[in-house]
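One structure is given below, encoded as structure tokens.
Reminder, nothing fancy here: chain letters follow the sequence lines and each chain counts from 1.
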Amino acid sequence: MIHADVEDVLLTGEEIQARVAELGAQLAADYEGRDPVLVSVLKGSIIFLADLVRAMPMPLSIDLMEVSSYGASTESSGQVRILKDLSSSIAGREVIVVEDIIDTGLTLNYLLRYLHDKGPASIRICCLLDKPARRLAPIEIDYRGFTIPDRFVIGYGLDYGQHYRNLPYVGVLRPSVYGPAEPA
Amino acid sequence: MWISRRAILGFDGAIGPTGRYDRGAVAATLTKSSPRFAHQSEAELARILDFYGVAWRYEPDIFPISWNADGAVVESFAPDFYLPEIDLYLELTTLRQALVRKKNRKLRWLHQLYPEVRVKLFYARDFRALMVKYRRLDFLADVAAMNGNGPLDDR
């Protein structure tokens, strides 16, 4: 059943699950015997993370971070803030940053600088969706699920106004949901 | 000839002791004073870059792109932003198709004359998508109300 606010289904649940299984197998092979820590960024990435780790039959640990977003913080200090920090040290650990989507790359760019200062042995990036059209920060993605076109997507963890995260697929949000039609 | 980015960064003291860009120094020296932006959308993009700690400069370089028979510059291109840490120029562009075509033409000439210079065009639809992402549709509405048109449409 497609949600009424979804204009188009970009990736079905089956396509996502198949690709996540491939990514998990690849990560498991690459990190065999290395006990990596997967660091995910709240809130959008948790569904991807939950599926990904279950596709990685190996010793690993997970940790979660949350950072403030520009739109929600225009009244505050004017700088990104860590809302939830790592629970454990990553010094000397093999870190895999797990992201749901990389768009401008600004948030991840900030996070990578922050994580590098914690002294990990290595940091690699695994993202489900890569939307390169509007990239403003250089990000080297090591594990990529799908490259997607420049459309506003929701579902499988991705939200608009905190809604739609529970959709099992990735869909394009109808523009009428977030504002008047785009000028011609 | 245009002023080199290295000259700008060297002048600003943004090169650290290792010879690489010192991020903190870049951000502090390049963005400490707010320039006079030509459009509210440019100011908003600057605030976003500041928020995420990305250093920028506003219109630091002017690239001549055509000359008359006497060798005088008759047309030039000054990208809106320069991001020194990734050596990238950003140009915000317009909703009006005629101006988009003009800017695209300038960009083609720039690429031919200065192939080493990286410029990313940020179209009005890209900016609008950014505002949707950050739930800043109120900003778009304010700009439209102020100008009687869309973002970047009055340039």
Side-chain angles (χ1 to χ4, degrees), chain A residues 44 67-82 100-114 116-117 131-140 148-154 158-163 172-184, chain B residues 23-24 26-27 31 34 43-56 81-92 94-97 118 120-145 147-153:
Chain A
V67 299
S68 61
S69 166
Y70 174 73
S73 309
T74 50
E75 76 290 354
S76 64
S77 66
Q79 290 183 324
V80 65
R81 288 178 298 123
I82 303 290
D100 51 351
I101 185 168
I102 301 178
D103 185 0
T104 61
L106 291 172
T107 302
L108 185 55
N109 184 53
Y110 173 85
L111 266 179
L112 290 175
R113 292 200 305 259
Y114 182 82
H116 271 296
D117 288 345
K131 188 159 74 171
R134 282 197 304 275
R135 190 84 86 243
L136 290 176
I139 302 288
E140 288 188 22
I148 63 168
D150 186 13
R151 303 177 76 181
F152 196 97
V153 291
I154 53 169
L158 296 157
D159 78 308
Y160 178 69
Q162 300 301 328
H163 293 131
V172 178
L173 185 64
R174 288 188 191 282
S176 58
V177 174
Y178 51 80
E182 191 168 354
Chain B
R23 232 213 112 264
V26 170
T31 62
S34 188
E44 180 72 0
L45 183 60
R47 283 191 289 271
I48 292 171
L49 294 172
D50 280 345
F51 184 84
Y52 289 102
V54 176
W56 52 269
F81 290 92
Y82 175 59
L83 312 184
E85 291 159 320
I86 54 175
D87 191 20
L88 176 73
Y89 289 90
L90 275 182
E91 174 69 13
L92 272 67
T94 174
L95 281 173
R96 275 189 276 180
Q97 196 54 39
R118 295 170 58 230
K120 187 180 181 73
L121 266 187
F122 218 68
Y123 293 98
R125 65 169 182 271
D126 296 324
F127 186 80
R128 186 174 191 275
L130 205 60
M131 293 297 96
V132 171
K133 171 187 167 80
Y134 292 126
R135 306 291 306 271
R136 294 279 285 144
L137 288 168
D138 56 331
F139 174 82
L140 287 180
D142 289 347
V143 171
N147 297 338
N149 49 28
L152 304 178
D153 202 24

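- Within the 4.5 angstrom heavy-atom criterion, atoms from both the backbone and the side chain of B/I48 approach chain A.
- Put simply, the side chain of A/L136 does not reach to within 4.5 Å of the side chain of B/W56, judged on heavy atoms.
- When all heavy atoms of A/R134 and B/A129 are compared, the pair lying nearest together is NH1-CB, 3.2 Å.
- Under the rule for a side-chain hydrogen bond (donor to acceptor under 3.5 Å, both in side chains), the partners of A/R135 that lie at least two apart in sequence or sit in another chain are A/D130.
- Nearest heavy atoms, A/T104 versus B/K133: OG1-CE, 4.4 Å.
- Remark: A/R81 is not positioned above the aromatic ring of B/F51, lacking an NZ or CZ atom under 6.0 angstrom from the ring centre and at most 45 degrees off the axis.
- Checked by atom type and distance alone, the side chain of B/Y52 pairs as donor or acceptor with a backbone atom of A/Y70 at under 3.5 Å.
- For the pair B/I86 and A/A137, the tightest heavy-atom approach, listed with the atom from each and the gap, is CD1-CA, 4.4 Å.
- If you measure heavy-atom distances from B/R47 to chain A, the contacts under 4.5 Å come from both the backbone and the side chain.
- Legend: residues meeting side-chain hydrogen bond (donor to acceptor under 3.5 Å, both in side chains) with A/R174, ordered by chain and number and at least two apart, are absent.
- Residue A/F152 comes nearest to B/V132 through the heavy atom pair CE1-CG1, 3.4 Å, listed as atom of the first residue, atom of the second, then distance.
- The local environment of CD in A/Q162 is crowded, with over 12 non-hydrogen atoms from other residues, nucleotides or ligands closer than 6.0 Å.
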